[in-house]
Number of protein chains: 2
Amino acid sequence: MTANTIKVVCSNCNLRELCMPVGLSSEQMDRIDEMVATRRKIKRGGALFRNGEAFTSLYAIRTGFFKTSVATEDGRDQVTGFQMAGEIIGLDGIVNDQHSCDAIALEDAEVCVMPYSKLEELSREVNALQHHVHKVMSREIVREHGVMLLLGSMRAEERLAAFLLNLVQRLHARGFSQSELILRMTREEIGSYLGLKLETVSRTFSKFADDGVIEVKQRHVRILDTHKLQSMINSQQCAA
Amino acid sequence: MTANTIKVVCSNCNLRELCMPVGLSSEQMDRIDEMVATRRKIKRGGALFRNGEAFTSLYAIRTGFFKTSVATEDGRDQVTGFQMAGEIIGLDGIVNDQHSCDAIALEDAEVCVMPYSKLEELSREVNALQHHVHKVMSREIVREHGVMLLLGSMRAEERLAAFLLNLVQRLHARGFSQSELILRMTREEIGSYLGLKLETVSRTFSKFADDGVIEVKQRHVRILDTHKLQSMINSQQCAA
DNA sequence: CGTCTCTTTGAAGCTAGTCAACTCTCGTGG
DNA sequence: CCACGAGAGTTGACTAGCTTCAAAGAGACG
C-alpha cells in the first residue's frame with residue numbers, strides 16, 4: 001500500500017468543479033488535498049459499503065459507475081440511485097453512524113475517501129466547503145423528490161423517458177455525447193429504480209425503438225429524438 | 001408585531017429533543033435562542049413557502065401539520081412528505097437558493113424561523129449543532145429512500161399499512177396514542193403521497209376495516225391489530 | 001464451444017385506475 | 001333551527017396497463 005496508494009490531489013483533479021466548491025485559496029485547497037488522502041478501488045460487482053456497515057467516510061467517485069439500493073426484510077430491493085464520476089456517495093450513513101443502503105460498483109471504479117470527521121472539522125474553517133456540503137445534501141434531497149414524483153405519478157413510458165434524459169444530461173455534463181450512451185446497469189436494475197419489472201423496461205425500450213425515438217442494441221442506446229422524449233414526460237398521453 | 005412576536009426560547013421548548021442537538025452548554029443554548037428569534041403562524045391551507053420562492057430560512061415546526069409537494073409542468077403533483085411538530089422543513093431550498101417544493105399547512109400551525117445564514121455561522125462554532133444539521137439532512141435522505149422503496153415495490157395494501165404505522169409511530173414519539181390517530185390530510189393527499197388514487201385509498205381503508213385491522217370513521221382511525229399491519233409490509237402476500 | 005446471464009417477446013391474469021352515482025359531514029345563510 | 005350546498009368520502013362496474021409466466025434468442029466468458 002505504498003506505491004499503490006497514489007497521493008490524491010484535488011487541486012489537480014479534472015472533476016474539481018463537480019465535487020468541490022469553487023473559489024478556494026491555494027492554502028484552503030491544500031487542506032482539502034490533505035483531507036482526501038486516499039483513494040479506493042472497487043471491482044465491478046463489489047461493494048463500496050453495505051447496509052449496516054459503520055459509517056466513517058463520504059466518497060467522491062473518480063471513475064466508474066455505482067448503484068445504491070435498499071432492501072425490505074422479505075428480500076425485495078429497490079435501487080435508489082445510479083451515481084457517476086464527480087458525485088458524492090454515502091450521505092445516508094451520517095444520521096445513524098451506519099450505512100442504510102448498499103453501494104455496488106457497476107463497473108470497475110475508483111473513489112476518493114473523505115473521512116467524515118475530517119470533513120466536519122475542515123468545513124468549520126472553510127466556509128465554502130461547509131456550504132458545499134450542505135448543497136450536496138440538499139441536491140440529493142431534491143433529486144429524490146424528483147424520483148418520488150416519477151414513481152408516484154408517471155406511467156412506464158414517462159418513467160423510462162425521464163430516466164434516459166436524466167442519464168444523458170449528466171453524461172453530457174461530463175463531456176460525453178448528448179445522444180449516445182452505454183447503460184452500465186441491467187434491465188432489472190433499471191426496472192427496480194423505476195418501479196417496473198424488467199420485462200416492462202424491455203418492452204418499453206422496444207416500443208421507443210419502433211417509434212423511432214431511440215435505437216437500442218443491448219446496452220448501447222442512441223437517442224434519435226430528444227424532443228419527443230421530453231414531450232412524453234410533460235404530457236399525460238404518452239405519444240402514440 | 002411587538003406583542004404578537006413572542007420571544008422564542010429553544011432552551012425551554014418542549015420539542016427540544018426533537019429539533020435540537022443535546023448536551024449543549026447554556027452559553028451555546030443562548031446563542032441558538034438568539035438565532036431562532038422569530039416564529040411564524042400559518043393558517044390552515046396557507047403556504048409556509050412555495051416552489052420558486054427565495055430560500056432564506058429553515059423552519060422547525062412547533063405546532064401543526066404540513067405537507068410538502070412537488071409538481072410537474074403539466075399540473076400533476078406529488079406529495080413528498082407530511083411533517084409534524086419537531087420536524088425541520090425547507091432543506092430543499094439550500095442547493096439553488098430557492099425552494100423547489102410547496103409547504104402547505106394542513107391545520108393552523110406555528111414554526112420557528114431559523115435564518116440559514118445564521119445557522120451556517122453558528123454551526124461553525126457549535127460542533128454539536130453542525131453535526132445535528134448534517135444528521136437532519138441525512139435523516140431526510142434516508143426517509144426518502146424508504147418512500148422510494150414503498151413507491152417502487154409495494155402494493156396498495158402494503159403502502160397504506162406502512163403509512164399508518166409510520167404516522168402512529170411518529171405521533172407516539174410525541175406523546176400521542178399508539179393506536180389512535182386523526183388524519184390531517186384528505187384521501188387524495190394520502191393517495192398522492194403513496195402513488196395511489198383516492199378511490200384506492202378509500203377502498204383499502206374499507207378493506208382493512210372489514211378485516212378488523214382498523215376502525216375508520218372519516219379521518220379518525222383506530223388501529224386494532226398493529227401486528228397484522230406490520231406483517232402486511234413484510235410479506236409478499238397481503239394477508240387475506 | 002457450451003454454459004450462463006441478460007434480454008426479448010408472447011399470452012394470460014390481476015391490480016389499480018377511471019368513470020359515475022350516491023352518501024356523509026359540516027358550515028352557511030335563509 | 002332547518003335547509004341547502006360544497007367538499008370529502010364510499011362504493012360499484014368496467015377497463016387499461018403492468019405483471020406474471022413461459023419460452024426462445026443474443027452475447028459474454030471461461
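What you are looking at is a predicted structure, and each value in this text was computed from that prediction instead of being measured. Every chain is numbered from 1 and lettered A, B, ... according to where its sequence line falls, protein lines coming before strand lines.
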TODO: Test B:M84 against B:E87 for side chain to side chain contact (heavy atoms under 4.5 Å, CB included), laying out the working first.
DONE: CA-CA 6 Å; B:M84 56 179 72; B:E87 296 179 332; 3.7 Å; yes
Open item on the list: Show, in sequence, the C-alpha distance, side-chain angles and deciding distance for B:R39 and B:R62, and conclude whether the side chain to side chain contact (heavy atoms under 4.5 Å, CB included) test is met.
Closed with: CA-CA 9 Å; B:R39 294 185 192 168; B:R62 263 186 72 79; 3.3 Å; yes
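Listed nucleotides: D:dC18, D:dT10, C:dT7. Nearest to the side chain of B:S206: D:dT10. When each of D:dT10, D:dG12, C:dT7 is scored by its nearest atom to the side-chain atoms of B:R203, the top-ranked nucleotide is D:dG12. Set against C:dA16, C:dT18, C:dT9, the side chain of A:E199 has C:dT9 as its closest nucleotide. Distance from the side chain of A:Q218 is smallest for C:dT7 among the nucleotides C:dA16, D:dT10, C:dT7.
Rounded to whole Å, the distance from CZ on B:R155 to P on D:dC18 is 15 Å. When the P atom of C:dC26 is taken as reference, atom NE2 of B:H220 falls 13 Å away, rounded to whole Å. The separation between B:R219 atom CZ and D:dT10 atom P is 10 Å, rounded to whole Å. Look at CE on B:M232: it is 13 Å from P on C:dT15, rounded to the nearest Å.
Using a 4.0 Å cut-off between charged nitrogen and carboxylate oxygen, A:R50 and A:E53 do not count as a salt-bridge pair.
OP1 or OP2 of C:dT7 has not a single side-chain nitrogen or oxygen of A:S202 nearer than 4.0 Å.
Between A:K217 and A:V201, the residue whose closest nucleotide on DNA chain D is further toward the 5' end is A:V201.
Listed by chain and residue number, nothing satisfies the salt bridge (Lys or Arg N to Asp or Glu O under 4.0 Å) test with A:R139 (two or more places apart in sequence, or in another chain).
Using a 4.5 Å heavy-atom threshold, the side chains of A:L106 and A:R44 count as separate.
A heavy-atom distance below 4.0 Å to DNA chain D is reached by these residues of residues 181-198 of chain A, ordered by number: A:G195, A:L196, A:K197.
Relative ring orientation between B:Y59 and B:F49 is described as parallel, the plane-to-plane angle staying below 30° on a 0-90° scale split at 30° and 60°.
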